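Following: one structure in structure tokens, then a few remarks.
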Amino acid sequence: MIVNVNQKQVEVAESTTVATLLASMGYPDRGIAVAVDQAVLPKSRWTTPLADGACLDVVTAVQGG
């Protein structure tokens, strides 16, 4: 199935969760926020399986001034 991550199409397996997708793409498990279909998804729900066509926005925290 195809999902969109930060406006890029990514092919994933049917049972892929938010957490497994993020790990496979090299995102850290801390310091990021995820929205699925324009709704912020708390980390406690990253085990949610993705649906075909889901749109994810991943934002990485940056330190500095």
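In this text the structure is predicted, and so the values were computed from the model without any measurement. In this chain, numbering begins with 1 at the start of the sequence shown.
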Review point. Sequence neighbours excluded, which residues qualify as side-chain hydrogen bond (donor to acceptor under 3.5 Å, both in side chains) partners of Thr20?
Key: Thr17
Practice item. Go through the structure and list residues passing side chain to side chain contact (heavy atoms under 4.5 Å, CB included) with Gln9, not counting sequence neighbours. Key: Ile2, Asn4
Check your understanding: Would a 4.5 Å heavy-atom cut-off, applied to side chains only, mark Lys43 and Asp29 as touching?
Key -> yes
Review point. Other than Tyr27, which residues form its hydrophobic cluster under the rule that side-chain heavy atoms must be closer than 4.5 Å?
Key: Met1, Val3, Val5, Val10, Val12, Val18, Leu21, Leu22, Met25, Ile32, Val34, Val36, Leu41, Trp46, Leu50, Leu56, Val58
Review point. What heavy-atom pair brings Ser44 and Thr47 nearest, and what distance separates the two atoms?
Key: O-OG1, 4.3 Å
